[in-house]
Every structure is written in structure tokens, then in C-alpha cells.
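Lettering follows sequence order; numbering is per chain, from 1.
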Number of protein chains: 2
Amino acid sequence: MTNDRDQPAVAPPTLLAVAQRAKVSRSTASRVINGSPQVTEEAIRAVTNAIAELNYVPNRVARSLARRSTQTIAMVIPQHTSKFFADPYFAAVIQGAALHVATTDYTLTLMIESDDDPDKTRRFLEGGNVDGALILSHFSRDAEYISLSRLLPVVFGVRPLTTDDGPYYVVDVDNAEAAALPTRHLVERGRTRVAMIGAPQSMSAGRDRREGWQTTLALAGLDEGPFEEGDFTPAGGAAAMERLLGQGRPIDGLVAASAQMAYGAMGVLKERGIAVPADIAVATIDNNFFSTSAGPPLTSVDLNTDTKGAVMAQTLLRIIAGETVERTTTIPIDLIERDST
Amino acid sequence: MTNDRDQPAVAPPTLLAVAQRAKVSRSTASRVINGSPQVTEEAIRAVTNAIAELNYVPNRVARSLARRSTQTIAMVIPQHTSKFFADPYFAAVIQGAALHVATTDYTLTLMIESDDDPDKTRRFLEGGNVDGALILSHFSRDAEYISLSRLLPVVFGVRPLTTDDGPYYVVDVDNAEAAALPTRHLVERGRTRVAMIGAPQSMSAGRDRREGWQTTLALAGLDEGPFEEGDFTPAGGAAAMERLLGQGRPIDGLVAASAQMAYGAMGVLKERGIAVPADIAVATIDNNFFSTSAGPPLTSVDLNTDTKGAVMAQTLLRIIAGETVERTTTIPIDLIERDST
DNA sequence: CTGAAAGCGCTAACAC
DNA sequence: GTGTTAGCGCTTTCAG
């Protein structure tokens with residue numbers, strides 16, 4: 001005895017069982033299960049009943065093998081943020097994707113890229129174990145995934161940072177616009193020295209956001225404000241704020257590339273007795289718990305991240321279904337005004 | 001043309017291809033792939049080379065069909081919290097489980113129970129599509145899952161609320177202790193009128209936490225303090241705090257059953273000019289962003305939720321492997337003292 | 001419209 | 001130790 005429970009006591013019913021009970025062949029049973037039009041009403045009824053009586057559920061594995069399609073898509077998440085879920089971004093994307101997939105016959109496999117064995121994930125994907133993949137990492141391994149996209153439908157959640165162009169798809173917000181929106185908002189409220197705490201410039205989103213901020217200031221005829229880079233954490237935001245202040249240049253407005261960083265920056269401001277929004281008006285990209293719970297609550301750009309997850313999944317399933325899909329889908333964003341500006 | 005890309009351009013290499021290249025039979029190739037001891041060094045070398053040259057990856061689907069095991073486990077999450085990830089709890093459990101699974105040859109499928117078609121999930125699980133399941137829902141459907149556990153290894157993340165006993169496993173913290181810890185802490189600091197904002201009493205965790213608080217006060221010879229129930233959200237915590245204050249009974253200590261609720265309650269206290277910890281000392285169960293970002297930061301019980309996720313996965317895989325496992329595994333918890341007490 | 005037959009790619013007795 | 005032979009449960013030509 002290996003286990004104190006009698007594990008797979010009963011084997012689930014098979015198609016054959018259903019067919020026999022309905023007194024038809026497996027082919028016919030299979031046809032009604034798959035909604036083929038060429039079956040008698042009568043056959044449909046018989047099989048349907050048999051299925052209900054036996055409580056039959058098709059074996060996905062066998063079906064996949066025969067169909068040569070897995071009915072499974074993967075969501076690939078970078079591990080390097082070992083605490084990836086501390087970032088509400090991932091949680092939101094996954095949630096959106098999972099909810100969408102739940103409405104289909106597909107299944108969502110969550111894969112965390114192992115730092116130890118980075119090839120494990122790639123091999124898994126290349127091995128024909130999934131019908132497509134949703135890629136959420138934003139860093140250097142992009143190129144590798146692009147080559148993957150030649151083997152398998154792939155949808156990226158961020159624009160890859162490479163000039164290489166494979167047949168890949170991207171679903172993302174317009175990051176330049178995401179930065180332009182709060183910057184413009186600040187400028188319209190009369191701020192003329194708008195600084196930015198940006199995201200890493202090694203990410204396409206980081207570059208795009210910086211550019212959106214720069215361009216907006218330039219269009220308004222304003223000088224480019226001071227810029228410091230953060231790492232998406234509150235601590236990183238606080239450090240960037242210190243450096244910004246350390247530059248000695250006057251600041252009356254601040255755009256943060258993420259709510260976590262804005263949250264960290266707010267702590268520094270409060271500590272130094274700098275009033276928000278009186279002395280410095282603050283607006284941030286990304287609307288989540290960090291932006292709403294800062295004091296005062298932050299004017300934020302809602303990136304609709306859960307929608308993004310859902311659209312990523314939907315896009316991938318469309319591609320798999322053979323539909324022609326736009327290479328790039330842009331998720332709409334909204335500016336939400338709060339007391340910080 | 002259905003798609004502008006030539007999708008499955010190249011079919012992945014099969015075992016047969018590897019075998020031929022290595023000049024052995026498929027059985028032998030299969031044996032070395034699965035690490036059978038009864039193969040020549042030479043055969044191993046030949047097959048290994050062939051695999052490398054062909055970049056072969058076993059087809060999981062075919063393997064599953066032959067082995068009658070899917071190498072897949074499911075994580076089932078209730079949808080009723082349509083925003084389930086807004087609760088850091090789920091994110092943490094999923095993260096822990098995913099990270100553990102990533103170290104094995106298993107795959108993790110994320111399933112959200114659909115409110116529309118609640119049977120979809122159950123049928124999927126019963127249909128032999130996974131080797132086991134991790135159940136995270138805590139409500140009424142428990143009983144149903146317990147019956148599921150007769151068909152398939154199942155590990156619950158919370159003690160089911162039922163007297164029915166099937167062969168199921170539970171991995172959870174000791175919820176009574178989770179409440180006793182902060183209550184005792186408050187009592188030791190001289191608080192004698194300790195109120196509680198509890199979790200719904202329809203959940204086993206909610207009952208256990210309430211009981212832990214009650215028992216601790218009784219043991220200390222103190223009167224039972226006022227109790228109000230919240231719904232795990234900051235708003236619910238705030239409302240509960242209002243009701244608590246509305247009872248008119250004196251309070252000098254507060255235990256919250258979740259950090260979100262504590263966070264909401266803190267807002268009410270600040271609004272009313274009630275000082276923390278001077279007037280009321282506050283301690284909460286669960287340590288996450290909500291507890292650290294309250295003002296002042298909250299003394300909290302760290303539930304090690306990511307560890308819980310990992311242990312859940314590990315437990316399930318052990319059961320699947322046929323090992324004998326404890327029916328109940330308790331995850332250790334830690335009290336973290338901060339400025340709120 | 002339906003059934004028979006041939007696999008999908010791999011594993012697992014069972015002989016040699 | 002290794003090859004041969006059957007399938008795993010389902011889909012899918014191909015006849016009829």
C-alpha cells in the first residue's frame with residue numbers, strides 16, 4: 001500500500017461507453033459531441049442522453065493527441081521579480097486573462113520562468129505543449145521569444161525591445177500617451193517645472209513613458225524637467241525623489257511612471273514638509289491601491305490592466321483560430337483626477 | 001489563407017526520429033529519456049546526442065495519454081470575488097504554488113470557477129483532466145469538492161466548513177492561533193477592552209479567528225470585547241469600526257481579522273481623532289501592503305501565505321506520488337511588531 | 001448519414 | 001539490455 005486512500009477507484013467513462021449506450025458507433029458519438037451538422041436528430045438525442053446518464057466528459061488529453069492541438073495556452077511570467085505578485089500589474093493581467101479563458105474551452109497554464117534553468121520554459125513552449133503563449137516579461141529575453149513566435153502564436157504584453165521583427169503580436173497601452181496624459185494635466189494646471197520619476201530605460205515602456213513626458217513639455221514650450229529612474233518599488237521611488245530634490249532644480253510638478261514609485265516619493269515629500277499639491281502637484285501612471293492610498297490620493301492614469309490581460313488572451317485565441325488579427329492592439333487608458341493635483 | 005503567418009511550419013521531432021537517429025528502438029529511446037537504469041552507457045550516449053541534435057522535447061500529451069497521468073494540477077479559485085486578485089491573499093498563494101510547481105515536471109492550470117456555469121469546473125476536474133487539485137474557495141461549495149476528493153487528490157487551502165469527511169487534505173495556518181497571537185500581544189501591553197473586527201462567520205477561518213480572540217481574552221480573565229464582522233475590504237473594515245464605536249462600549253485595543261479591514265478601520269479612527277496606539281492599540285492578522293502602509297504601520301501576524309501556496313502544491317504532488325501525507329498541515333505564523341501597538 | 005479503420009506520439013508489458 | 005507489440009481515448013478520412 002502506497003497511500004491510505006484508494007485513489008483512482010473508478011475510471012471515467014469513455015467515448016466508447018457512450019457510443020455503446022447510445023447504440024451508435026464512436027464516430028457518430030464523436031460527431032454529436034463536436035457538433036457536426038451531419039447527424040440525425042435521433043442520434044443526437046441518444047448520444048446526448050447517454051452522455052448525461054454516464055456523466056461523460058471528453059478526455060482532453062486524448063482529444064488533443066488526435067487533434068494535434070492542446071487547447072491550452074501558457075502565460076509566461078518572469079521570475080526575476082521573485083515576488084512578482086507584489087506588483088499588482090501581474091496579478092491584474094493574470095486575472096483578466098484567466099477570466100477570459102474561463103469563458104472558452106481553453107485552459108490557462110501559469111509558467112514562471114525559472115532563473116536557474118531559463119531554457120526549461122522555452123523548451124516546454126517549443127515542444128508543442130501549448131497552442132500559444134502570452135508573454136509578460138519585459139527584458140532581455142525578448143529576442144528569444146520573438147524567435148519563438150516563429151514556431152507558435154505568441155502575444156506580448158509589452159512591446160519587445162528589439163529591432164528584430166518576427167511575426168509577433170503586441171497588446172499594450174500607449175505608454176507615451178500614458179505619460180503625456182498626466183504631464184498635460186499638470187501643465188494645464190499651470191505647472192511649469194515638471195519632473196519625472198521614470199521606469200528603467202532598459203524597458204520599452206520606460207523609454208516610451210519618458211518620451212511622452214518630454215514631448216508634452218516641449219509642445220507646451222516648457223523646458224525639460226529633471227528626470228530620475230526608479231525600479232518600480234516604493235523604495236526605488238523614494239530614492240529617485242531624493243535624487244530629484246538633490247539636483248537642486250526647482251520643481252512644481254511630478255509625474256511618476258508607476259504608482260508604487262509615486263507612493264514612495266510621497267513619503268519623501270511629506271518628510272521634507274513639501275506640500276502636495278500646493279508645492280508640488282503629483283500625478284502618476286497606473287491606478288491601484290498604491291495610488292489611492294497615498295495621502296493625498298493621487299491623480300492617476302488607469303491602465304486598465306485587467307482588460308489588457310483579457311484582450312491578450314482573446315487576441316491569442318483569435319490567432320490560434322486562424323483569424324487575421326492586428327499586429328498591435330492598444331488598450332485605452334483613463335486619467336482619474338484626485339487631490340494630488 | 002486563414003492567417004498571414006505560416007503557422008506550424010515545422011512539426012517538432014518525434015521519439016521515432018530520435019530513435020532512428022540513435023539507431024535504437026523507440027523503447028530504448030524512451031527508456032533513456034525516462035532514466036531507466038537498464039540501458040547501456042552507449043545507448044544512453046547515442047540517444048542523448050540525437051536528442052540534442054534534433055532539439056527533441058517529449059510530447060506531453062502523448063505521454064500523458066500513455067501513462068494515464070496528466071502531469072498537471074489545477075488551482076481552483078472562486079470567481080465570486082470577481083476581483084480576486086485585489087486580495088493579495090490569492091496572489092500570494094498562487095505565486096507560492098507556481099514557484100514550487102516550476103521546480104517539478106508538473107504544470108499548473110489556473111481555473112476560475114465560473115459563476116454562470118459552476119459545474120464546468122467540477123466536470124473538468126472529474127473528467128480526468130488533471131492529476132489533482134488545489135482548492136482555494138472557502139464557501140458553500142466545499143461539500144461538493146469534498147465529494148470530488150473521492151475521485152482525485154485534493155488539497156484545500158482552508159478547512160472546509162462541513163462535518164462531512166472525505167479523504168481530503170488541508171494546508172492552512174492555525175486561525176485560532178492567528179487571532180490569539182495579536183490578542184495576547186495587546187493584553188500583555190495592558191489593554192483590557194479588546195474589540196475585534198472579524199471575518200465572515202460563514203467561513204471556518206472567520207469562526208476560528210473569532211474563537212482565538214475570545215479564548216485569549218477569557219484566559220486572561222478579561223471580559224469579551226465588542227465584535228463586528230467585516231467583509232475583507234477596507235470599506236467593510238471601516239463600516240465595522242463605525243459600528244464598533246457605535247456600540248458605545250469602551251475600547252482600548254483592536255484586533256482585525258485582515259489587514260484590509262484594519263486599514264479601513266484606521267481611516268475611521270484617524271477621522272474621529274482617536275490616537276493609535278495611545279487611545280486604541282491596533283494589531284491585525286495578515287501582513288501585507290495594507291498593514292505596512294497604514295499610519296502608523298500595523299503590528300501584524302504574518303501568515304506566510306506564499307509558503308502556504310508552496311506547501312499546498314508540494315503536498316498535492318506527494319499525494320499523487322503515492323506518499324503518505326498528514327491530513328492537515330499547519331503553516332507557521334509570525335507576529336511582527338510595529339508602531340500601532 | 002454512419003461505421004470501419006487508421007492513426008496522434010508515447011509507454012509498457014512481454015518476449016527474445 | 002533491447003526490440004516487438006499493443007494500446008491510452010479520441011478524431012478523422014474513406015467507404016458504404
Side-chain angles (χ1 to χ4, degrees), chain A residues 8 10-48 50-51 54-72 105 123-124 126-131, chain B residues 8 10-48 50-51 54-72 105 123-124 126-131:
Chain A
V10 287
T14 69
L15 215 211
L16 180 57
V18 171
Q20 290 175 336
R21 188 165 239 266
K23 300 192 196 306
V24 297
S25 70
R26 292 193 304 180
S27 327
T28 301
S30 175
R31 288 190 186 99
V32 354
I33 287 169
N34 295 294
S36 160
Q38 37 182 17
V39 242
T40 332
E41 273 298 329
E42 202 189 324
I44 296 185
R45 239 192 314 283
V47 174
T48 307
I51 289 178
L54 264 38
N55 216 300
Y56 170 78
V57 183
N59 179 318
R60 283 173 70 90
V61 173
R63 177 180 280 190
S64 292
L65 187 58
R67 287 222 268 245
R68 245 144 316 197
S69 102
T70 63
Q71 298 283 99
T72 295
D105 279 331
R123 285 204 315 269
F124 179 83
E126 288 177 352
N129 295 306
V130 294
D131 292 348
Chain B
V10 287
T14 69
L15 215 213
L16 179 58
V18 171
Q20 290 176 336
R21 189 166 238 269
K23 297 190 198 307
V24 297
S25 72
R26 292 193 304 179
S27 328
T28 301
S30 176
R31 287 190 185 98
V32 355
I33 287 168
N34 294 295
S36 160
Q38 38 181 18
V39 242
T40 333
E41 274 298 330
E42 202 188 323
I44 295 185
R45 239 192 316 282
V47 174
T48 307
I51 289 177
L54 263 37
N55 216 300
Y56 170 79
V57 182
N59 179 319
R60 284 172 71 90
V61 172
R63 177 179 280 187
S64 293
L65 188 58
R67 286 206 191 136
R68 245 144 317 194
S69 100
T70 63
Q71 298 283 101
T72 294
D105 279 331
R123 285 204 315 270
F124 178 83
E126 289 177 353
N129 294 306
V130 295
D131 291 349

S.K.: Rounding to an integer number of Å, can you tell me how far Asn59(B) CG sits from dG9(C) C1'?
M.R.: 6 Å
S.K.: Starting from C1' on dC8(C), measure out to CZ on Arg60(B) and report it in whole angstrom.
M.R.: 17 Å
S.K.: Over how many whole Å does the gap from Ile33(A) atom CD1 to dT11(D) atom C1' extend?
M.R.: 11 Å
S.K.: Tell me, do Arg45(A) and Thr48(A) make a side-chain contact under 4.5 Å, heavy atoms counted?
M.R.: no
S.K.: Return yes if some donor-acceptor pair links the side-chain N/O of Ser64(B) with the main-chain N/O of Ser69(B) below 3.5 Å, else return no.
M.R.: yes
S.K.: When the distance from CD of Gln38(A) to C1' of dT12(D) is rounded to whole Å, what number comes out?
M.R.: 11 Å
S.K.: With distance as the sole criterion, do the side chain of Arg68(B) and the base of dG9(D) form a donor-acceptor contact below 3.5 Å?
M.R.: no
S.K.: Please classify the nucleic acid contact of Thr14(B) as base, sugar-phosphate, or nothing, using heavy-atom distances under 4.0 Å.
M.R.: sugar-phosphate
S.K.: What is the distance, to the nearest angstrom, from the CG atom on Leu65(A) to the C1' atom on dC10(C)?
M.R.: 8 Å
S.K.: Write down the distance between CZ (Arg63(B)) and C1' (dG9(D)), rounded to a whole number of angstrom.
M.R.: 19 Å
S.K.: Select one nucleotide: of dT4(D), dT11(D), dT2(C), the one nearest the side-chain heavy atoms of Arg67(A).
M.R.: dT11(D)
S.K.: Between the base of dG3(C) and the side chain of Arg31(A), is there a donor-acceptor distance below 3.5 Å?
M.R.: yes
S.K.: Donor-acceptor check, side chain of Ser36(B) to backbone of Gln38(B), threshold 3.5 angstrom: yes or no?
M.R.: yes
S.K.: Given dC10(D), is OP1 or OP2 found less than 4.0 Å from the side-chain N or O atoms of Arg26(A)?
M.R.: no
S.K.: Just one of Val130(B), Thr72(B), Val61(B), Asn129(B) clears the side chain to side chain contact (heavy atoms under 4.5 Å, CB included) bar with Arg60(A), so which one?
M.R.: Asn129(B)
S.K.: Rounded to the nearest Å, what distance is computed from the CG atom of residue Leu15(B) to the C1' atom of nucleotide dC8(C)?
M.R.: 13 Å
S.K.: Which part of the nucleic acid, if any, lies within contact of Ser27(A), taking any heavy atom under 4.0 Å across all strands shown: a base, the sugar-phosphate backbone alone, or nothing?
M.R.: base
S.K.: Contact class for Val61(A) (heavy atom, under 4.0 Å): base, sugar-phosphate, or nothing?
M.R.: nothing
S.K.: Does a side-chain N or O of Thr28(B) approach OP1 or OP2 of dT2(D) to a distance below 4.0 Å, or not?
M.R.: no
S.K.: Can a side chain N or O of Ser64(B) be found less than 4.0 Å away from OP1 or OP2 on dC10(C)?
M.R.: no
S.K.: So which one's nearest nucleotide on DNA chain D is more toward 5', Ala29(B) or Ala62(B)?
M.R.: Ala29(B)
S.K.: Are the side chains of Pro12(A) and Val57(A) in touch, meaning some heavy atoms are under 4.5 Å apart?
M.R.: no
S.K.: Distance check needed: dC10(C) P versus Gln71(B) CD, whole Å only.
M.R.: 14 Å
S.K.: Between Asn34(A) and dT11(D), is there a side-chain N or O to OP1/OP2 distance below 4.0 Å?
M.R.: yes
S.K.: What is the nucleic acid contact for Ser30(A), judged by heavy atoms within less than 4.0 Å: base, sugar-phosphate only, or nothing?
M.R.: base
